[in-house]
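For ligands, and for the atoms within them, numbers begin at 1 and follow the listed sequence. Side chains included, hydrogens not; waters and symmetry mates left out as well; all remaining heavy atoms used.
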Amino acid sequence: MAPTGGVFALFIVLSSWALMKSGLSYGSDSDIQCLRSIMESVEDPYNYLNSTWKFGNNSNGFICKFTGVECWHPDENRVLNIKLGDMGLKGQFPQGIINCSTMTGLDLSNNRFNGEIPSNISKILAYVTTLDLSSNSFSGGIPVDISNCTYLNILKLDHNQLTGQIPLELSRLDRIKQFSVSNNRLSGPIPVFSKNATITEDDYANNLGLCGYPLPLCENTASKSSNTKVIAGAAIGGVTFAAMFTAIVLFVFLRRRVSMKKDDDPEGNKWTKSLKGSKGVKVSMFGKSVSKMKLSDLMKATNKFSKSNIIGTGRTGTMYSAVLGDDTSLMVKRLQDSKHSEKEFMSEMATLGRVKHKNLVPLLGFCMVKSERLLVYKHMPNGTLHDCLHLSEDEKRAMEWPLRLKIAIGAARGFAWLHHNCNPRIIHRNISSKCILLDSDFEPKISDFGLARLMNPVDTHLSTFVNGEFGDLGYVAPEYSRTLMATPKGDVYSFGVVLLELVTGESATRVTRDLEAFNGNLVEWIRQLSENSNLEDAIDESLVGKGADSEIFQTLKVACSCVLAPGPKERPTMFEVYQLLRAIGGRYNFSTENELSMPTDNGNADRLEELIVAQ
Ligand SMILES: *[C@@H]1O[C@H](CO)[C@@H](O)[C@H](O)[C@H]1NC(C)=O
Ligand SMILES: *[C@@H]1O[C@H](CO)[C@@H](O)[C@H](O)[C@H]1NC(C)=O
Ligand SMILES: *[C@@H]1O[C@H](CO)[C@@H](O)[C@H](O)[C@H]1NC(C)=O
Ligand SMILES: *[C@@H]1O[C@H](CO)[C@@H](O)[C@H](O)[C@H]1NC(C)=O
Ligand SMILES: *[C@@H]1O[C@H](CO)[C@@H](O)[C@H](O)[C@H]1NC(C)=O
Ligand SMILES: *[C@@H]1O[C@H](CO)[C@@H](O)[C@H](O)[C@H]1NC(C)=O
């Protein structure tokens with residue numbers, strides 16, 4: 001092994017360099033192409049655009065300084081919103097916007113655009129949540145295809161010259177909150193939107209005879225059939241919530257039952273015996289949430305680290321459940337083979353102790369004894385997502401869709417925060433359904449973040465992967481075998497696999513009936529279904545037909561964008577994944593407080609480089 005050490009060190013240096021050079025600029029040429037094409041197709045008589053839209057530069061994030069362009073991140077050329085209101089612009093709807101493929105909002109209001117709204121608009125604006133075309137001169141009909149823009153929250157088409165009927169299919173837009181078509185030349189029945197949309201008569205005013213609630217009733221049967229839709233919709237909503245509640249109750253019950261059948265395991269561990277003389281060593285705690293402890297307290301609380309207290313074993317070490325004398329529950333992680341010096345370890349702990357977010361398992365303290373490194377975490381009563389999903393047939397049944405979606409959104413929020421908002425930013429490198437733990441409310445909490453850096457480099461997952469001993473193979477992005485680099489996009493791939501587990505109910509690595517032909521490789525199975533356009537077949541049967549089919553399918557599409565993208569650059573960022581999932585779960589109001597802010601911290605990019613070099 002000895003001679004490989006030097007080679008390995010060289011490799012670390014080289015790969016860190018390569019990552020700094022390339023990994024940080026995962027912007028998108030197509031977004032630049034998109035803006036270029038808008039600029040070319042639009043007449044700009046007052047030179048609003050050509051004073052700031054300069055394409056000569058090509059630095060990371062240069063387009064983010066353009067007037068009216070908002071990016072996902074200020075140093076990534078990836079457009080979030082385009083806001084070109086009130087600029088006197090003229091021309092047809094700019095088709096080139098299709099190349100801003102992750103844009104979520106478009107505002108062209110108060111200009112002089114004309115011509116028809118494209119009939120394939122959902123292809124051009126696949127992910128928009130806000131579309132404002134008001135106060136222009138758009139003519140022709142409202143395209144039926146707008147009803148395929150499923151993420152729309154706000155649709156403003158007022159003050160144009162639109163004619164014909166409003167497509168009743170728009171009632172499929174179940175996230176609509178604002179809708180206005182006043183001051184056009186529309187007629188006929190109006191669609192019925194979800195109860196939560198605040199749409200008034202004013203939003204329909206000044207047209208050529210619209211009818212249906214909240215306007216005067218129509219005389220034909222159209223309004224009747226739309227009303228039944230609303231009632232059916234409301235009933236399905238109720239059923240979903242009842243199902244979610246039942247799922248949670250059933251779950252708590254089942255988990256209790258499992259935790260009761262603890263069989264004792266008297267077999268002492270060799271390593272704990274070697275600590276006999278050190279029982280008085282103090283456990284360092286970050287806050288005052290738990291009273292002072294010594295190693296002896298941890299030993300007692302974990303039954304001397306007995307096998308029956310093991311919650312999970314992963315690449316970074318083994319997690320034990322611990323119950324203190326005063327009945328406080330904790331989790332203790334014994335790091336595997338940490339070869340870092342005490343000083344390095346202390347400084348890592350000081351950093352990790354400050355990293356706090358609602359979707360991370362709180363690190364409460366740590367203990368260093370001889371070569372042992374023990375980390376003390378808050379207890380998560382509902383165990384790992386992996387066990388909840390796959391432990392037994394019975395329990396799998398109990399996980400209804402709303403609960404799975406809630407977990408997906410919360411976990412994505414946590415990972416997005418680690419990637420984009422946390423200081424220093426952290427690449428997790430070990431994402432699987434086993435590192436997502438569930439608290440008493442089934443709120444997901446990420447564990448193991450920041451630990452990959454504490455491992456002996458020769459034992460990190462990259463080298464074990466090379467040696468073919470890598471445990472969580474089902475989660476590793478394909479480029480690892482080539483580049484051997486940990487990147488944020490590698491995390492996105494792994495998280496995509498977790499999403500697939502949630503949607504399909506299948507394990508990422510175990511061979512089951514459907515996956516037999518694929519050696520249990522979930523992603524390959526999905527790839528084949530996708531190529532044959534049979535993607536729906538992947539959805540967990542126990543979820544189908546309960547009123548959430550479209551949400552489930554959209555989540556599956558998000559998972560596919562993470563795992564089937566041709567390369568890491570084409571994958572969405574974690575922030576994008578989070579935003580997409582949040583839009584899909586919009587109707588449940590899972591949690592609106594404490595949302596992630598749009599990352600705006602240029603300074604963090606340097607810290608990310610430091611972090612990578614530290615690995
Ligand atoms: C913008 O375009 C106009 C004519 O199209 C030109 O006269 C003007 O110099 C341009 N401004 C800049 C800053 O390029
Ligand atoms: C490119 O734009 C960035 C940000 O506006 C600026 O700092 C940089 O100097 C520009 N580079 C060139 C070559 O113009
Ligand atoms: C999108 O970008 C590609 C090149 O990246 C270009 O060939 C294509 O014409 C663009 N599409 C539109 C509608 O401008
Ligand atoms: C949308 O339709 C326009 C004209 O009808 C066409 O030029 C364009 O290629 C279409 N775009 C897509 C993505 O289908
Ligand atoms: C909406 O999308 C579906 C699936 O892509 C397609 O079959 C349908 O024609 C679209 N609807 C409209 C009105 O274009
Ligand atoms: C409507 O809003 C209420 C309260 O804001 C919420 O409880 C309910 O789930 C929402 N319904 C839908 C369908 O969004």
Side-chain angles (χ1 to χ4, degrees), residues 22 25-44 49-50 53-64 66 68-72 76-84 89-108 111 113-129 131 133 136-152 155 157 160-164 167 169-170 172-173 489 530 533 535 554 557-558 560-561 564-573 576 580:
S22 68
S25 61
Y26 35 82
S28 156
D29 291 341
S30 96
D31 287 52
I32 300 172
Q33 182 65 35
C34 155
L35 297 180
R36 214 188 264 279
S37 131
I38 294 174
M39 173 111 173
E40 280 162 8
S41 73
V42 163
E43 226 182 292
D44 175 23
L49 302 187
N50 80 348
W53 289 36
K54 302 240 165 71
F55 291 93
N57 188 319
N58 273 337
S59 61
N60 291 341
F62 78 100
I63 60 171
C64 310
F66 290 9
V69 175
E70 292 175 6
C71 292
W72 286 92
E76 254 177 65
N77 289 326
R78 195 176 277 263
V79 175
L80 175 68
N81 290 310
I82 296 183
K83 296 185 174 169
L84 302 178
L89 305 176
K90 284 193 214 165
Q92 305 260 317
F93 184 95
Q95 295 271 349
I97 282 188
I98 192 172
N99 276 335
C100 287
S101 55
T102 52
M103 189 185 68
T104 66
L106 177 64
D107 177 1
L108 300 179
N111 285 297
F113 285 102
N114 59 25
E116 299 200 353
I117 300 172
S119 61
N120 49 11
I121 188 155
S122 75
K123 301 239 163 47
I124 301 170
L125 302 172
Y127 297 120
V128 289
T129 59
L131 177 59
L133 303 180
N136 280 289
S137 303
F138 285 111
S139 57
I142 298 176
V144 184
D145 188 42
I146 289 190
S147 64
N148 275 348
C149 295
T150 46
Y151 298 104
L152 271 178
L155 177 57
L157 303 174
N160 279 291
Q161 291 158 28
L162 300 168
T163 53
E169 288 84 349
L170 294 190
R172 289 214 309 253
L173 294 170
K489 292 298 180 82
S530 171
S533 304
L535 213 41
Q554 285 166 19
K557 295 294 269 186
V558 174
C560 288
S561 72
L564 300 184
K569 277 195 172 183
E570 287 80 12
R571 281 174 213 145
T573 65
E576 289 165 335
L580 291 174

### Task
Provide, to 0.1 Å, the distance between atom 4 (C) of ligand 4 and the closest protein heavy atom, together with that atom's residue and name.
Gln95 NE2, 4.4 Å
### Task
Could you tell me how the ring of Phe55 sits relative to the ring of Phe62: parallel (under 30°), tilted (30 to 60°) or perpendicular (over 60°)?
perpendicular
### Query
Val79 and side chain to side chain contact (heavy atoms under 4.5 Å, CB included): which partner among Leu106, Leu35, Thr104?
Leu35
### Summary
One should read off an interatomic distance between Thr129 OG1 and Leu152 CG, to the nearest 0.5 angstrom, of 7.5 Å
### Message
As a test of the contact definition, would atom 14 (O) of ligand 3 count as having a protein heavy-atom neighbour under 4.0 Å?
### Response
yes
### Query
Ignoring hydrogens and geometry, is there a side-chain-to-backbone donor-acceptor pair from Asn81 to Glu70 under 3.5 Å?
no
### Message
Students should be able to answer this: which protein heavy-atom is nearest to atom 9 (O) of ligand 3, and at what distance?
### Response
Asn99 ND2, 4.8 Å
### Query
Looking only at heavy atoms, which two atoms of Arg78 and Glu576 are closest? And how far apart?
CD-OE2, 2.6 Å
### Protein heavy atom under 4.0 Å of atom 2 (O) of ligand 3
yes
### Task
Enumerate the atoms of ligand 3 whose separation from the nearest heavy atom of Ile98 is less than 4.0 angstrom.
13 (C)
### Sub-4.0 Å protein heavy atom next to atom 11 (N) of ligand 4
yes
### Message
Does Ser119 form a side chain to side chain donor-acceptor pair (under 3.5 Å) with Asp145? I'd like the steps, not just the answer.
### Response
CA-CA 6 Å; Ser119 61; Asp145 188 42; over 6 Å; no
### Residue among Pro118, Ser37, Ser41, Cys34 satisfying side chain to side chain contact (heavy atoms under 4.5 Å, CB included) with Pro94
Ser41
### Task
If you have a sec, work out which protein heavy atom is nearest atom 5 (O) of ligand 3 and how many Å separate them, to one decimal?
Gln33 CG, 3.8 Å
### Query
Hey, is ligand 4 close enough to Lys123 that some N/O pair sits below 3.5 Å?
no
### Task
Mark up the atoms of ligand 4 that fall under 4.0 Å of a heavy atom belonging to Asn120, in ascending order.
1 (C), 2 (O), 3 (C), 8 (C), 10 (C), 11 (N), 12 (C), 14 (O)
